[in-house]
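First the structure, in the form of structure tokens, and then the observations on it.
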Amino acid sequence: MLDALGIASVDELFKDIPESVRINGLTLPAGISEAEAVAKVRKVLGANKTPEKLPSFLGAGIYDHFIPAAVRAIQSRSEFYTSYTPYQPEISQGVLQALFEYQSMMCELTGMDAANTSMYDWATALGEAALMAHRIHGGKEFVVGRAMGRERLQVLRSYASGVGLKIKMVEFDANTGQLDLDMLKSQVGPDTCGVYFENPNFFGVFEEKVDEIRSLVPSVLVVGANPLSLAITKPPGEYGADIVIGEGQGLGNPPSYGGPLLGVFAVKKEHIRAMPGRIIGMTNDAKGKRAFCMTLQTREQHIRRQKATSNICTNEALVSIASTAYIAVLGGSGLRKLAVENMTAARDLARNINHLRRFKAPMFKSAHFNEFTVRSKIPYSRVHRELLRRGLHGGLSLEDRFPELGHVALFATTDVHGENERERIIKALGAIE
Amino acid sequence: MKYRQAYFDEPLLFEKFDGETEPLPEGLVPKALERKSLELPNIPENDVVRHFVRLSEMSFGIDTGFYPLGSCTMKYNPKFTEELAALPEASRIHPCQDESTVQGALRLMYELQQMLRSIAGMDAVTLQPAAGAAGEFTGLLLAKAYHEDRGEQRTQVIVPDTAHGTNFASAAMAGYEVVEIPSKEGLVDLDALKTALNSKTLAFMLTNPNTLGIFEPEILEIADTVHDSGALLYYDGANLNAIMGKTSPGRMNFDIVHFNLHKTFATPHGGGGPGAGPVGVKEPLESYLPVPVIRQDGNEFKLDYDKPKTIGKVHSWYGNFGMFVRAYAYILRMGGDGLTKASERAVLNANYLRFRLQKVLDLPYQELRKHEFVLSCARLKERGLRAADVAKRLMDFGFHPPTVYFPHLVDEALMIEPTETESKETLDSFADAIDVILTESPDVLKSAPHNTAVSRVDEVLAARNPILSWRMWQEQKKAGGEKPQ
């Protein structure tokens, strides 16, 4: 190739980089063999404790569910994972159909008409939902229930800062853990572009007064949900949500230390042109065959630039495909059964913990999904250390997040736990003096 | 090589729904919230696997063939990094785990930050943004915090006309007015930049080499000019694959840079994502980085949230950790020497292909390019053809088309980035295919592709009559709306 270009060395191809900014190679160590690289990375990662060695009761939006091997096999098809965004539909029908199926599944779960192919995670989906509510309504205030993840709130504030959206908080009822409706009433006003609450909320608690909440929201209603719970609970579309968001990681994807995740984003039909992100539509090819393609692209940055509905380009498409495969492998019945099992297991675990002398669980008088609050009589940091010593990882401490609750932690249980793990945690908690 | 993609008349999963929903156990879900029906299909696993394998065969990845998408850096994704990211020690750890139980993850992230710092010549790195655009947004929030901390309210971001669309959109999302400046001979017009810069300018966003693949030789003058006005210089790292070991954003006096791990560092693109968009900054911006930052304390690694000036968070947790594992493994394997060679080879491949193709299509602006180049198909218009026709026909030869109609300042643009992982034989076969295509009858091109799963897709119908879910389609069928079938 050098000969064809009439040059003696590849250096001549870099002569346009002025000497004043040149560097002479990188200061990183020299390359190593694949075998050495594998050994090195395995060694580094080896310091991590997986649930196999350290059963964990952490949740808080990220759930370690069992993943059928077929999901990984499907996701590992290299035509899927080594492809780019399907800008050329004729050669990308498979990816496009899989993503259309993903959108369809999210619509069925949420009761919405349309979904995009993903946001980065639940938190950025919330940020985008707030901006979308502002686009639809114009108001400069966005009201949120406080029983949500701190991380989501922080990301929401980052997204809201650009347009100067003010975030107003609504407390939860100290008894039920559900949204304080009197406070909601007082926080909502003419400048409220939207209201956001989670169902189940951060404490795992189900919001039951959904119709009443809807009636108190004069503008855009955004609901955040654990999509697995939607297999057995009323889809937010049925109680008037305009936008439904959530974390799709738990549908067939491992926790991966918090990423990649899957921001679910679904809306009612009348809002599709205000949506952020990539959307796949059904159409025909030139011969009249059914075909799929990316559509409504005039909302997107590569066409609309600063007038786009969002800056998102790269998203989490492969995670969406894995979730589609997961739901397909489990089937509607399997998903429903799994949701029932998770909820039942959490209810029973909470009851058993509640029998222990030093603990109360759950602390709120409401139904909860697969996680619940545990209040202890001693500082939770001590409980946490004791559990670690016994080879168990307890739930997430809420002491710094919700200091008014006292010594409280959030415990989750999923299908990766057998009776053995659940018995061990009850026993270990019971043994703490 | 001629190509024939598989086609299956594969039904949607939903077309297999049997209409049954089992009742819930009594008293579990509160009555007001009970869900009565869930219309998701129940299909035997064997059939599910076949469904997706058929769909995969109607898709095209780097593993299928050459993928010279400009600005996307579609290099080969090594397989060993996939295995590593799938290890339970990488995939099954939870972001809220006690720090003492995830020391491997924290070390890996810390060391990856150090590697990226060193490659880019920056002082500090955050891994948190989930993609390039998220990195841009983060970078602008950092610039905003920096200026506000100095009591300055700046309202504009300057972007050259050659920039990626995300630059404009990220600036708008961060709340800034976008000032676009025209380029001169495919380069930043220093006079136009000077005119646009003022005390309201937050930052100037630039990629170097730019999207034409041309290196901006006046980069230090550009940096001085920007800094003289008190603004910051932002590096869009989409094109970093051209310059590793040759120069660095830090050396070019950029203040903020984002990386695309899914481009430069070989993590797969996954049909659109996930990616990862870490951000590097110079020291004066370090105190504003998102929380938590990872600190090394002796042999221990810690997550530090105690950063009073932080911009907060841009992702739920620490970013796309699965991508960090892959990029870390890739960088270790390549080493400093390997990455430098990768850039050399990427630039050599691009220039070789440019040399072959400029004989048959027009190459506006200067000859020497870095990792990519942009051809114009404008001369085909007299035969009634457009860049898209060439792009569509390339699929029949087993090639993914280049990026089309970008950057906008080239008429009928084909933007080609071969990357370093392609052989001369592949580059030649691609150039040969273009040679053949340009001699073919216009009808063959205009009706292309012929060998893909479906023929040309009606994107206009899709936008005019949006069917975005099974649900919307069922409604439309009931209402007796227009096609599709």
Side-chain angles (χ1 to χ4, degrees), chain A residues 1 10 16 21 25-26 28 30-31 37 45 47-50 58 74 77-79 81-83 85 89-91 93-95 104 107 114 120-121 123 151 154 162 233 254-260 281-286 291 293 295 301-302 305-306 308 311 314-318 328 331-332, chain B residues 33 40 42 48 52 55-56 58-63 88-89 91-92 94-96 101 103-104 130-131 133 165 168-170 172 175 178 215 245 247 268 270-275 312-313 316-317 320-322 332-333 335-336 338 344 352 452-457 461-462 467-470 484:
Chain A
M1 289 193 277
V10 75
D16 52 349
V21 298
L26 296 169
L28 297 173
L45 290 171
N48 294 335
K49 293 217 171 67
T50 66
L58 289 167
I74 288 166
R77 293 289 299 185
S78 74
E79 298 90 335
Y81 85 79
T82 73
S83 64
T85 303
E90 295 83 6
I91 204 164
Q93 281 302 298
V95 168
S104 301
C107 288
Y120 309 129
D121 61 358
E151 294 75 17
Q154 283 174 302
T233 58
S256 287
Y257 203 47
M282 184 192 279
T283 182
N284 287 327
D285 79 349
C293 64
T295 192
Q301 48 77 28
H302 62 284
R305 308 209 294 182
Q306 64 264 40
N311 69 339
T314 289
N315 56 20
E316 309 294 311
L318 192 68
Chain B
L33 285 182
L40 292 171
N42 294 305
V48 172
F52 283 103
L55 292 189
S56 75
M58 292 193 278
S59 306
F60 189 96
I62 301 168
D63 286 0
E89 287 79 8
S91 63
R92 280 196 69 199
H94 190 285
C96 302
T101 69
Q103 283 295 303
F168 301 87
S170 299
V178 178
F215 193 85
T247 180
K313 286 187 77 60
S316 297
W317 305 102
N320 280 344
F321 180 76
L332 280 177
R333 167 96 172 89
E344 287 175 354
Y352 176 73
T452 47
V454 298
S455 60
R456 219 173 270 203
V457 172
L461 173 64
I467 302 173
L468 312 180
S469 62
W470 167 257

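Every chain is numbered from 1 and lettered A, B, ... according to where its sequence line falls, protein lines coming before strand lines. Note that the coordinates shown come from a computational prediction; the quantities given were computed from them, not determined experimentally.
- For a residue to count as touching a neighbouring chain, one of its non-hydrogen atoms must lie under 4.5 Å from one of that chain's; by this rule L58(A) touches chain B with backbone and side chain alike.
- Interface check for chain B: of the options L318(A), T85(A), D285(A), the most heavy-atom pairs under 4.5 Å are formed by D285(A).
- Note on A131(B), P274(B), A453(B), G322(B): by heavy-atom pairs under 4.5 Å with chain A, the leading option is P274(B).
- Your options are S316(B), G312(B), S170(B), G338(B), and the one with the most heavy-atom pairs under 4.5 Å with chain A is S316(B).
- If you tally non-hydrogen atom pairs under 4.5 Å between each of A133(B), A172(B), A130(B) and chain A, the highest count goes to A133(B).
- V10(A) touches chain B through its side chain: at least one heavy atom from C-beta onward sits under 4.5 Å away, while N, CA, C and O do not.
- By number of non-hydrogen pairs under 4.5 angstrom with chain A, the leading residue of G175(B), G104(B), P88(B), G335(B) is G104(B).
- In terms of non-hydrogen atom pairs under 4.5 Å with chain A, the most contact-rich of Q103(B), E89(B), R333(B) is R333(B).
- Side-chain contact between F215(B) and T247(B) is present, with at least one heavy-atom pair separated by less than 4.5 Å.
- Taking chain B as the reference chain and counting heavy-atom pairs below 4.5 Å, the highest number among T295(A), I74(A), N315(A) is found for N315(A).
- Heavy-atom pairs under 4.5 Å with chain B were tallied for C293(A), G258(A), A123(A), S78(A); the largest tally goes to G258(A).
- Here G270(B) is the residue among P268(B), G165(B), G270(B) with the most heavy-atom pairs under 4.5 Å with chain A.
- Rounding to the nearest 0.5 angstrom, the gap separating the CD atom in E79(A) from the OG atom in S56(B) is 4.0 Å.
- Most heavy-atom pairs under 4.5 Å with chain B, from the set I91(A), T50(A), L28(A): that is I91(A).
- Heavy-atom pairs under 4.5 Å with chain B peak, among A308(A), G331(A), S104(A), G281(A), at S104(A).
- Interface remark: of the candidates R305(A), E316(A), Q93(A), Q301(A), R305(A) forms the most heavy-atom pairs closer than 4.5 Å to chain B.
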